Amino acid sequence: MEQTFIMIKPDGVQRGLVGDLISRFEKRGFFLKGLKLITVERSFAEKHYEDLSAKPFFAGLVEYIISGPVVAMVWEGKNIVATGRKMIGATNPSNAEPGTIRADFAIEVGRNVIHGSDAVESARKEIALWFPEGLSNWRSNLHSWIY
Ligand code: RTP
């Protein structure tokens, strides 16, 4: 089953949105496979966002991500990478569709609350980076009620 990496960014943690955001993924029917509260080093944030290192906003983005704890998660389910991105909404909350996380909880592109992997391959890389210890292999009893 497909997996994705989801991170609640420091603003989401500081604003007390963790429960609401986890709830959205749970209620949709996705299964939580990894979860931790972690404050990352600058070099780790730079590695996570290495594809964006040439962007003018890179330095500010790294400062933002290391400014406080984040909630790192792995979620699993059918088409979770693309569906997770849809649930999160457009990068700039001003362009996010109503009902998406960024439309419901954010205003600024630089404080957009949550990250989700943009492709199956980047999900695989991000999960390996953030969860080198591996993931839980529990299987929910609800599986047959969702699939
Ligand atoms: P993410 O990786 O956080 O899920 O976001 P994304 O795919 O929707 O957007 P991406 O282009 O990968 O940008 C990563 C994060 O950089 C910040 N950003 N700031 N100031 C700006 O113009 C700007 N553009 C992007 C956002 O926090 C964005 O989520």
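Remember, predicted model here, so these are calculated numbers, not experimental data. Order of appearance sets the numbers: ligands from 1, and atoms from 1 within every ligand.
Using a 4.0 Å cut-off between charged nitrogen and carboxylate oxygen, Glu97 and Lys86 do not count as a salt-bridge pair. Salt-bridge annotation for Arg24 and Asp104: present, with a side-chain N of the basic residue lying under 4.0 Å from a carboxylate O of the acidic one.
The shortest separation from a heavy atom of Arg102 to ligand 1 is under 4.0 Å, placing the residue in contact. Contact analysis puts Gly116 in contact with ligand 1, with a non-hydrogen atom separation below 4.0 angstrom. Residue contacts with ligand 1 include Arg85, since one or more of its heavy atoms lies under 4.0 Å from the ligand.
Note: an N/O pair closer than 3.5 Å links Asn112 and ligand 1 by distance alone.
In Lys9, the part holding a heavy atom less than 4.0 Å from any atom of ligand 1 is the side chain. Contact annotation for His48 and ligand 1: no heavy atom of the residue comes within less than 4.0 Å of the ligand. At a heavy-atom distance under 4.0 Å, no atom of Arg111 approaches ligand 1. For Asn92, no heavy-atom contact with ligand 1 is shorter than 4.0 Å. At a heavy-atom distance under 4.0 Å, only side-chain atoms of Leu61, from C-beta outward, approach ligand 1.
Distance from atom 22 (O) of ligand 1 to its nearest protein heavy atom, with residue and atom name: Phe57 CD2, 3.7 Å. Closest to atom 13 (O) of ligand 1 among all protein heavy atoms lies Leu52 CD1, 3.6 Å. Shortest contact from atom 2 (O) of ligand 1 to any protein heavy atom: His115 ND1, 2.8 Å. Of the protein's non-hydrogen atoms, the one nearest atom 8 (O) of ligand 1 is Thr91 OG1, 2.5 Å.
Residue contact check: Tyr49 has heavy atoms under 4.0 Å from atoms 2 (O), 3 (O), 14 (C) of ligand 1.
Closest heavy-atom approach to atom 20 (N) of ligand 1 within the set Ile6, Val109, Ile114: this belongs to Val109.
Heavy-atom contacts from other residues, nucleotides or ligands closer than 6.0 Å to NZ of Lys36 number more than 12. Other residues, nucleotides and ligands contribute over 12 non-hydrogen atoms within 6.0 Å of the CH2 atom of Trp138.
Thr83 places a side-chain N or O within donor-acceptor distance of the main-chain N or O of Asn79, the cut-off being under 3.5 Å. A donor-acceptor distance shorter than 3.5 angstrom exists from the side chain of Ser67 to the backbone of Tyr64, with no hydrogens or angles considered.
The only option from Val70, Val40, Val113, Val13 that meets the side-chain contact (heavy atoms from CB on, under 4.5 Å) definition with Met7 turns out to be Val70. Of the residues listed (Ile88, Leu17, Asp11), the one engaging Ile114 in a side-chain contact (heavy atoms from CB on, under 4.5 Å) is Ile88, and it is the only one.
Between Thr39 and Pro69 the shortest heavy-atom distance is OG1-CA, 3.4 Å. Smallest separation of non-hydrogen atoms from Asn112 and Thr91: ND2-O, 3.0 Å.
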